[in-house]
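Below: the structure, in structure tokens.
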Amino acid sequence: MIRCGGATGDCQIVPETVVSGVPDGYPRRVRFPAPPEAPATLSYHDPRWIPNDPYGSFMASGIHGQRLFVSPALDLVIVHYASQIVSPVVPQVPLVQAFLKIGTHLRG
């Protein structure tokens, strides 16, 4: 429902403004993790992480590794369940890149 703007078929279930994706023209101000001079690879707006990819993707992220990844242009929604405590000494798994590879592979 998030990917379809809050509608199913011809019926608007949730107002589109509640479930809209990345706002047009949103300035990419947050750079994580990167030095200030690097281009933004992951931005944050409202309760969404924005990977700044060409597909208009956005993601919600839980404290223990859960992810909800939505990519409207790839027609893709991925829910990643997790229950982990992330240690700063363990390298982060590149989940966003994995989600995008899945989506582009499925689209052909």
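Only this structure's heavy atoms are used, side chains among them; waters, hydrogens and symmetry mates stay out.
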Give the minimum heavy-atom separation between [X] and [Y], together with the two atoms involved.
X	Y	result
Leu68	Val79	CD1-CG2, 3.7 Å
Ser57	Leu100	OG-CD2, 4.0 Å
Pro51	Phe69	CG-CE1, 4.2 Å
Tyr55	Ser71	CB-OG, 3.3 Å

Donor-acceptor contact present, side-chain Gln12 to main-chain Asp10, <3.5 Å: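 Side chain of Gln12 to backbone of Asp10: no pair is present.
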Working for side-chain contact (heavy atoms from CB on, under 4.5 Å), residues Leu76 and Val70: CA-CA 6 Å; Leu76 178 73; Val70 180; over 6 Å; no
Side chain to side chain contact (heavy atoms under 4.5 Å, CB included) involving Leu95 - partner list, sequence neighbours excluded: Arg67, His80, Val93, Phe99
Nearest-0.5 Å distance that lies between atom CD1 in Ile102 and atom CZ in Arg107: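 Between Ile102 CD1 and Arg107 CZ, I get 15.0 Å after rounding to 0.5 Å.
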